[in-house]
Amino acid sequence: MTGDPSFTQSPRPEHMLDSTALADRTILVTGASSGLGRATCILLSQLGARIIAVGRNEQRLIETADQLDGSGHLVRPFDLSQVDEIPTWMKTLAADHGTLQGVVHSAGQHLARPLQMLKPESVQELMQLNVTAGMMLAKGLRQRGVFTSPASIVFLSSVMGHVGQAGVSAYCASKGAVDAMTRSLALELAPQGIRVNSVAPGQVETEMAEQQKQTLTSEQFDRIKALHPLGLGRPEDVAHAIAFLLADTSRWITGSILTVDGGYTIH
Ligand SMILES: NC(=O)c1ccc[n+]([C@@H]2O[C@H](COP(=O)([O-])OP(=O)(O)OC[C@H]3O[C@@H](n4cnc5c(N)ncnc54)[C@H](OP(=O)(O)O)[C@@H]3O)[C@@H](O)[C@H]2O)c1
């Protein structure tokens, strides 16, 4: 057996995640100002990572940074809808602050619109953030001088990429696209020692979920809740799955979609 050199050189983990699991790693987390991104930043810092927290709202990014363990974390406000600028921005970040060993793309938009009210501009805006920005983050990371191997990218997919829901077709399409790009990018980036995986959560109690709730009747919301045999998730439930996919505990996993949904999709 020959094997890929960058894979065989990656360290063999001796135990499960502890406070050194991500020591000396710099991880860029988008969506760090809220919900799953914020919870992820907090957990990754507890596992020893240095965080580059990205979002548009600087004040809320600072609130995240204030909750992080360790030192050296950075807050970098950036509007990811400027997709053309992402690779150059990442090159500058790495030149100024050192190479990255991971990217988590947790910035995302949800859209609940019946088809008769759905506008192409809204679909385009959502795809731009949920899909194109993710692809440009991968493009940015793979550049010479931006990453050191072993590196890992984790995209936020959703159970909505696997099942249908009336009135949510644009969001579902974007998450299906995230799953498809995860598999292809995993193949494309494996030779460089970059793993690419996604986490597909069910309903987690965050601001995004709160906004969705506003569009539902209490009966509709209760029905969604009942479809999760383990109840609704907490942001930390998803953060733990992301941490696993960033650390060497998952060194032989790439191109996978890890479902974290309290049993939603087993019906
Ligand atoms: N919550 C759930 O139940 C659930 C379930 C399945 C999948 N997901 C997925 O998980 C991810 C995170 O969800 P969440 O619940 O944490 O959402 P959230 O609380 O609404 O947070 C969304 C994040 O995206 C950032 N963002 C939005 N537009 C941006 C832009 N143009 N540029 C940069 N950042 C931008 C926001 O930061 P700023 O406002 O500071 O820009 C915010 O930090 C999303 O991809 C979502 O689809 C969530």
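In listed order, ligands and their atoms are each counted from 1.
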Rounded to the nearest 0.5 Å, what separation is found between the [atom1] atom of [X] and the [atom2] atom of [Y]?
{"X": "Ser256", "Y": "Asp179", "atom1": "OG", "atom2": "CG", "result": "10.0 Å"}
{"X": "Thr265", "Y": "His267", "atom1": "OG1", "atom2": "NE2", "result": "8.5 Å"}
{"X": "Ser45", "Y": "Ile27", "atom1": "OG", "atom2": "CD1", "result": "11.0 Å"}

Who are the side-chain contact (heavy atoms from CB on, under 4.5 Å) partners of Pro120, not counting sequence neighbours?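 Pro120 satisfies side-chain contact (heavy atoms from CB on, under 4.5 Å) with no other residue.
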Protein residues having a heavy atom less than 4.0 Å from any atom of ligand 1: Gly31, Ser33, Ser34, Gly35, Leu36, Gly55, Arg56, Asn57, Phe78, Asp79, Leu80, Ser81, Ser106, Ala107, Gly108, Leu129, Leu156, Ser157, Ser158, Tyr171, Lys175, Pro201, Gly202, Gln203, Val204, Thr206, Glu207, Met208
Strictly by side-chain hydrogen bond (donor to acceptor under 3.5 Å, both in side chains), give each pair with a member in residues 127-136 just once, sequence neighbours left out.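 Applying side-chain hydrogen bond (donor to acceptor under 3.5 Å, both in side chains) to every pair that reaches into residues 127-136, excluding sequence neighbours, yields Asn130-Ser174.
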Could you note down all residue pairs passing ring pair (Phe, Tyr, Trp, His ring centres under 6.0 Å) where residues 97-131 supplies at least one of them, sequence neighbours left out? His110-Tyr171
